[in-house]
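Structure first, commentary second.
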Amino acid sequence: RADSAARLEPQGLTGLSYIQITPGSPESPLLESRPGDRPARIYGQQTQLDQLLAGALVTLALAFLLGFVGYPVVYNLLMSFQEVTVTTMARFDRPWVGGANFSAALADPLFPLVLRNSLVFTIVCVLAQVALGFALALFFSLRFPGAAWFRGVILAGWILPLLVVGAIFKWLYATNGGLINEALLATGLVARPVNWLSNPDLSLLSIVIANIWYGAPFAMILLAAGLAGLPSELYEAAHLDGAGPLQRFRHVTLPLMKPTLLAVLTLCTIYTLRAFDLLFSMTGGGPAFSSTTLPLWSFVFSFQQFDFGKG
């Protein structure tokens, strides 16, 4: 159509060039097809092949989510209303118990302790990881020699599997020969070795410190990407107006970083809530369930007591 906007890509023009074609304009001969030319494609027009390809990709993604996310969630939810033991695990017609599993778990004497451990572990770890990650991201946003190398060293800890991190910290916290106790004894800060993992008052704190060390680099790399996208013109204008570093951070950096901070808080909360490897490898939930959280308690019900419905 001569009175519509056509997208043309003649020689010498970029792929994003747009020419408004009107009847009688000098550009109208460009619409004439010549032998060997590709037909002009109107911007926004979809061919039938494109629609079929888009539908196939959406269908594959939906099938993946239903098969690997939806089905396990629905199956586990169904198990929670049934009596699932080792003898009934392979059957689909398991006895229906309704909310008895939930009532039994909530009435368990350990539930208040496990819930408190989970809340303390999640809140402290998430806030500390985001705060430390934000501080590291701000620090490495400064230009100084070796910044990229130091940032890579910090990220190396996050690459390690959690079971390996747990083994490392278990050695660091060892009562006899552990690096932390040896350092405290050498400096005279303690008179005798501290039982970091076997003391009910210190076991959860020890795991919290290890989890903060592990998760802070993850928050740092995400927040550093957000800081890199902030417009430098705003900082220059604030500097010309006489704003100091703290004022620029409060009135420029924080407002612009709120969406990124919210996303990082959400991700860190999800990863901390489902943390299992680190706790299992360091204390196994002990001593006396002092470091047991909800995921670890679910593991105890399912694979130690073989009460899969309650787990």
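Index from 1, following the sequence. Quick caveat: nothing in here was measured; it's all calculated off a predicted structure. Side chains are part of it too, since the values below use all heavy atoms of this structure and drop only hydrogens, waters and symmetry mates.
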Discussion item. Would a single hydrophobic cluster contain both I221 and L132, if residues Ile, Leu, Val, Met, Phe, Trp and Tyr are joined by side-chain heavy-atom contacts under 4.5 Å?
Written reply: yes
Worksheet item: When clusters are formed from ILVMFWY side-chain contacts under 4.5 Å, directly or step by step, what else is grouped with V74?
Response: none
Worksheet item: Can you list every pair that meets side-chain hydrogen bond (donor to acceptor under 3.5 Å, both in side chains) and has a residue in residues 264-277, with sequence neighbours left out?
Response: none
Discussion item. Just to verify, what does F144 make a side chain to side chain contact (heavy atoms under 4.5 Å, CB included) with, not counting sequence neighbours?
Written reply: F139, F140, L142, A147, F150
Worksheet entry | P72 backbone acceptor or donor facing N76 side chain under 3.5 Å | yes
Discussion item. To the nearest 0.5 Å, what is the distance between OG1 on T122 and CG on L294?
Written reply: 8.0 Å
Anything under 3.5 Å between a donor and an acceptor, one on a side chain of residues 165-177, the other on a protein residue two or more places apart or in another chain? List them.
| residue | atom | partner | partner atom | Å |
| --- | --- | --- | --- | --- |
| Y173 | OH | S206 | O | 3.1 |
| T175 | OG1 | N195 | OD1 | 3.2 |

Worksheet item: Roughly how far, to the nearest 0.5 Å, is CG of N101 from CE of M79?
Response: 9.5 Å
Discussion item. In this structure, would L179 and L202 fall into the same cluster of hydrophobic residues linked by side-chain contacts under 4.5 Å?
Written reply: yes
Worksheet entry | Test log, rule side-chain contact (heavy atoms from CB on, under 4.5 Å), inputs L184 and I180 | CA-CA 6 Å; L184 293 176; I180 296 177; 4.1 Å; yes
Item to complete: For the pair L155 and M220, evaluate side-chain contact (heavy atoms from CB on, under 4.5 Å) and give the outcome as yes or no after the intermediate values.
Response: CA-CA 9 Å; L155 281 174; M220 178 197 71; 4.0 Å; yes
Worksheet item: Looking only at heavy atoms, which two atoms of N211 and Q129 are closest? And how far apart?
Response: O-NE2, 2.9 Å
Sequence neighbours excluded and cut-off under 3.5 Å, please list the side-chain donor-acceptor pairs for residues 303-311, or say none.
none

Counting only pairs under 3.5 Å, give me each side-chain donor-acceptor contact of residues 238-264, with atom names and distances, residues two or more places apart or in other chains.
| residue | atom | partner | partner atom | Å |
| --- | --- | --- | --- | --- |
| Q247 | OE1 | G244 | N | 3.0 |
| R248 | NH1 | A243 | O | 2.8 |
| T253 | OG1 | Y235 | OH | 2.6 |

Worksheet entry | I123 with Y214, same ILVMFWY side-chain cluster at under 4.5 Å | no
Worksheet, complete the sentence: Closest non-hydrogen contact found for V130 with C268 is CG2-SG, 4.2 Å
Worksheet item: Listed by chain and number, what are the side-chain hydrogen bond (donor to acceptor under 3.5 Å, both in side chains) partners of Q82, not counting sequence neighbours?
Response: R94
Worksheet item: Is there any side-chain hydrogen bond (donor to acceptor under 3.5 Å, both in side chains) pair reaching into residues 278-297, and which pairs are they, with sequence neighbours excluded?
Response: S203-S290, T283-S291
Item to complete: May I ask you to decide if the ring planes of F276 and F299 are parallel, tilted or perpendicular, using 30° and 60° as cut-offs?
Response: tilted
Discussion item. Tell me whether W213 at atom CH2 has more than 12 heavy atoms from other residues, nucleotides or ligands lying less than 6.0 Å away.
Written reply: yes
Item to complete: Determine, stepwise, if the pair L197 / M282 fulfils side-chain contact (heavy atoms from CB on, under 4.5 Å).
Response: CA-CA 8 Å; L197 300 180; M282 290 184 65; 3.9 Å; yes
Fill in: Side-chain donor or acceptor of S118 paired with backbone N/O of V114 under 3.5 Å
yes
Discussion item. Nearest 0.5 angstrom please: L265 CG to L222 CG, how far?
Written reply: 11.0 Å
Discussion item. With side-chain contact (heavy atoms from CB on, under 4.5 Å) as the criterion, how do L62 and T59 come out once you've worked through the C-alpha distance, each side chain's angles and the decisive distance to 0.1 Å?
Written reply: CA-CA 5 Å; L62 184 60; T59 302; 5.7 Å; no
Worksheet item: Taking all atoms of both residues into account, what is the closest heavy-atom pair of D108 and L110, and its distance?
Response: OD1-N, 2.9 Å
Item to complete: Supply the members, apart from F81, of the Ile/Leu/Val/Met/Phe/Trp/Tyr cluster built from side-chain contacts under 4.5 Å; use none for a lone residue.
Response: L77, L78, W96, F102
Worksheet item: Is L163 linked to F218 within one hydrophobic cluster, defined over Ile, Leu, Val, Met, Phe, Trp and Tyr using a side-chain heavy-atom separation of less than 4.5 Å?
Response: no
Worksheet entry | A288 versus L113, closest heavy-atom pair with distance | O-CD2, 4.1 Å
Item to complete: Only counting residues at least two apart or in another chain, list the ones meeting side-chain hydrogen bond (donor to acceptor under 3.5 Å, both in side chains) with S198.
Response: none
Practice prompt. Answer yes or no: is there a side-chain heavy-atom contact under 4.5 Å between L53 and L57?
Written response: yes
Practice prompt. Determine whether L296 and F301 fall in the same hydrophobic cluster, where Ile, Leu, Val, Met, Phe, Trp and Tyr are linked whenever their side-chain heavy atoms lie under 4.5 Å apart.
Written response: no
Practice prompt. For T187, enumerate each residue passing the side-chain hydrogen bond (donor to acceptor under 3.5 Å, both in side chains) test, keeping only those at least two apart in sequence or located in another chain.
Written response: none
Worksheet item: Given side chains that start at C-beta, do those of V194 and N199 come closer than 4.5 Å, heavy atoms only?
Response: no
Worksheet item: Minimum heavy-atom separation for A137 to A224, with atom names?
Response: CB-N, 3.7 Å
Worksheet item: Roughly how far, to the nearest 0.5 Å, is CG of N117 from CG of L279?
Response: 9.0 Å
Discussion item. I need the minimum non-hydrogen distance between G67 and Y71, along with the two atoms involved.
Written reply: O-CB, 3.7 Å
Response to the item:
Connected to V73, directly or through other members, by ILVMFWY side-chain contacts below 4.5 Å are none
